[in-house]
Amino acid sequence: DAVRRFPKEVHVCTSHSLARRRIWPEPLPVSDSSPPLDDMVERLGLRDPAEKRWGILEGIDGLTSAAAKRKAQTQLQKKARVEARYILKTLANFLWSDDEFVNDLHVFWKAKVPAERGRTSTASAGSRSRGRQEGEVQPLPCSFYRDHAQRIFDSMCDPADAAFTQ
């Protein structure tokens, strides 16, 4: 609506979209593009919360083979990327709103439901066992996603803070 009311040389946008440009440069090369998820995992320290939620490194000790440790670290990084994606989707929901602060209604819906743990092998390496279902993993609290999304938004709004610029 506002675009039609102003001359063509006036750029019309919301304060949220102005802040969004601090983290996602214009023009967007891909719709809904964002910083690399591995960068988000590192910047937000998401490996520890992902480990607490999924327990991937439980049972890994000095006697565990190097290959098994690498596999567990890879799985943990994948789960941390999922958490980063949920935070970015929460932020996107907020950016599309006219709310002043991120709230629980902005939290991405998948972040609010239990997740399936997946299949793990129950037999020795040489067996053809199909594995068994481990059960559900409870979601992190909405405040986890809400607080991280708010932190990113606050960083985007602060010209002196370059933590989430690309």
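In this text, all values refer to a predicted model and were calculated from it rather than measured experimentally.
Looking at every heavy atom in both residues, Ala72 comes nearest to Ile60 through CB-CD1, 4.0 Å. In this structure, Glu136 and Glu116 approach most closely via the heavy-atom pair CG-OE2, 3.7 Å. Contact between Ala111 and Pro139 at its shortest, heavy atoms only, is O-CB, 3.2 Å. Residues Ala115 and Arg53 come closest through the heavy atom pair CB-NH2, 3.7 Å.
Residue-environment remark: CD (Glu100) stays at or below the threshold of 12 foreign heavy atoms within 6.0 Å. With a 6.0 Å radius and a threshold of 12 heavy atoms from other residues, nucleotides or ligands, Asp61 has its CG atom above the threshold. Atom NZ of Lys112 has more than 12 heavy atoms from other residues, nucleotides or ligands within 6.0 Å. Within 6.0 Å of the NZ atom in Lys69, the count of heavy atoms belonging to other residues, nucleotides or ligands exceeds 12.
Taking the side chain as every heavy atom from C-beta outward, Lys52 and Leu140 never approach each other to under 4.5 Å. Side chains of Leu57 and Gln73 form a contact here, defined as non-hydrogen atoms less than 4.5 Å apart. Contact annotation: the side chain of Pro49 never approaches that of Glu83 to less than 4.5 Å [non-hydrogen atoms, C-beta and beyond]. No side-chain heavy atom of Thr74 sits less than 4.5 Å from a side-chain heavy atom of Lys71. Residues Trp54 and Leu76 form no side-chain contact, since every pair of their non-hydrogen atoms from C-beta on lies 4.5 Å or further apart. The shortest distance between side-chain heavy atoms of Arg151 and Asp154 does not fall below 4.5 Å. Side-chain contact between Lys110 and Arg85: absent, with no pair of heavy atoms (C-beta onward) separated by less than 4.5 Å.
Under the 3.5 Å distance criterion, the side-chain polar atoms of Asp99 are left unmatched by any main-chain donor or acceptor of Phe101.
Note that OG of Ser143 and CG of Asp104 are 7.5 Å apart. Values are rounded to the nearest 0.5 Å. Note that CD1 of Ile87 and CZ of Arg146 are 12.5 Å apart. Values are rounded to the nearest 0.5 Å. Taken from NE2 in His148 to CG in Leu46, the straight-line distance is 5.5 Å, to the nearest 0.5 Å. Once rounded to the nearest 0.5 Å, the distance linking CZ of Arg81 with CG of Leu88 reads 13.5 Å. Note: Ile152 CD1 to Cys157 SG = 12.0 Å, rounded to the nearest 0.5 Å. Between the CG atom in Leu44 and the CG atom in Asp39 there is a gap of 10.5 Å [rounded to 0.5 Å].
Hydrophobic clustering (ILVMFWY, side-chain heavy atoms < 4.5 Å, transitive): Leu95 and Trp109 are in one cluster.
Using bins of under 30°, 30° to 60° and over 60° for the plane-to-plane angle, the ring pair Phe108/Tyr86 lands in the tilted bin.
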Next on the checklist: Between Glu51 and Glu58, does the side-chain contact (heavy atoms from CB on, under 4.5 Å) criterion hold? Intermediate values first, please.
Outcome noted: CA-CA 9 Å; Glu51 169 55 25; Glu58 289 177 7; 4.3 Å; yes
